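Worksheet: one structure, shown below.
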Amino acid sequence: MVSATVSPPWTYTLQLPRDPRAPGVARAILRTALRAHGMPGLAETAELLASELVTNAYLHAPGPYSLRLRQAGPDRVRLAVRDTSAHIPAPFRWSAEAPAELAERGRGLYLVVLYAESWGVVPLPGRALPGRGLPGRGLPGQGGKLLWVECVSKGDEVRREETRRGEETQGGEGIKRREAQGGAVAGEGEITSGPG
């Protein structure tokens, strides 16, 4: 009789402080988790995307934020950043134009378009603060959003070809193609913006 061991999907959640060192800590923990689970080929892309999402939460969210890592398949990982800001940035709003050549902002989240297999957002409802009409802040479940991206392990040759294509389509053609594929509602409250 042949028996098989099935390893269940894994999940880690990291609560991050409002500290400029938090993105570096998140990258180190992500790298360690991927290596421990035999997915080191995802580390470079996953670290880049997690760093962008965590840095944006640190810079723009008024309250606490967290990074969640979850195995989404044999060679796939989903990264999600939950924060207390209700603002949904591009490309999670379906507008993912290439930033202008001299733009000082907008380059980081554009990397999501170039390197994530798929991405999306889950708006989180919250209580309004008295007299302000602002989403509640401070505690999990009190509003904000959850931005997620998925990374898939690919061979070096495929990655080089995608990078080359991305460089050729900086004018936006690649983005238009992805927008035509995206924009579907993925589940209750979850909006998929990427091609996945």
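None of these values were measured; they are calculated from a predicted model.
Sorted by first and then second residue, the pairs that involve residues 56-76 and meet salt bridge (charged side-chain N to carboxylate O under 4.0 Å, His left out), not counting sequence neighbours, are Arg76-Glu150.
Counting heavy atoms from C-beta outward, Ser118 and Val149 have side chains that stay 4.5 Å or more apart.
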>> Please determine whether side chain to side chain contact (heavy atoms under 4.5 Å, CB included) holds for the pair Leu146 and Val121, giving the CA-CA distance in whole Å, both sets of side-chain angles, and the decisive distance to 0.1 Å.
In response: CA-CA 6 Å; Leu146 180 120; Val121 60; over 6 Å; no
>> As a quick check of understanding, evaluate side chain to side chain contact (heavy atoms under 4.5 Å, CB included) for Leu67 and Tyr12, giving each step before the final call.
In response: CA-CA 8 Å; Leu67 171 66; Tyr12 297 93; over 6 Å; no
>> Show, in sequence, the C-alpha distance, side-chain angles and deciding distance for Tyr58 and Asn56, and conclude whether the side chain to side chain contact (heavy atoms under 4.5 Å, CB included) test is met.
In response: CA-CA 5 Å; Tyr58 169 72; Asn56 277 299; over 6 Å; no
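In this structure, the side chain of Ser66 does not engage the main chain of Gln15 through any donor-acceptor pair within 3.5 Å. Between the side chain of Lys145 and the backbone N or O of Arg82, no donor-acceptor pair lies under 3.5 Å.
The two residues Pro123 and Pro125 have their closest heavy-atom pair at O-CD, 3.7 Å. Here the closest non-hydrogen pair linking Gly63 and Thr84 is N-OG1, 2.9 Å. Contact record, Val113 with Trp119: CA-CH2, 3.9 Å, taken as the closest heavy-atom pair.
One distance of note links CG of Leu69 with CG of Leu42; it measures 11.5 Å at 0.5 Å rounding. Note that OG1 of Thr45 is 10.0 Å distant from CG of Leu79, once rounded to the nearest 0.5 Å. For the atom pair CG of Asp83 and CG of Leu59, the computed distance is 11.0 Å after rounding to the nearest 0.5 Å. Rounded to the nearest 0.5 angstrom, Cys151 SG and Arg78 CZ are separated by 11.0 Å. Between Leu147 atom CG and Glu52 atom CD the span is 12.5 Å, to the nearest 0.5 Å.
For Pro74, the side chain to side chain contact (heavy atoms under 4.5 Å, CB included) test picks out no residue, with sequence neighbours left out. A search for side-chain hydrogen bond (donor to acceptor under 3.5 Å, both in side chains) contacts involving Ser51 returns Arg27, not counting sequence neighbours.
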Can you list, pair by pair, the side-chain donor-acceptor contacts under 3.5 Å of residues 28-35, counting residues two or more places apart and other chains?
residue, atom, partner, partner atom, Å
Arg31, NE, Glu47, OE1, 3.4
Arg31, NE, Glu47, OE2, 2.9
Arg31, NH2, Glu47, OE1, 3.0
Thr32, OG1, Ala28, O, 2.9

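If you look at Tyr65 and His60, their ring centroids are not closer than 6.0 Å.
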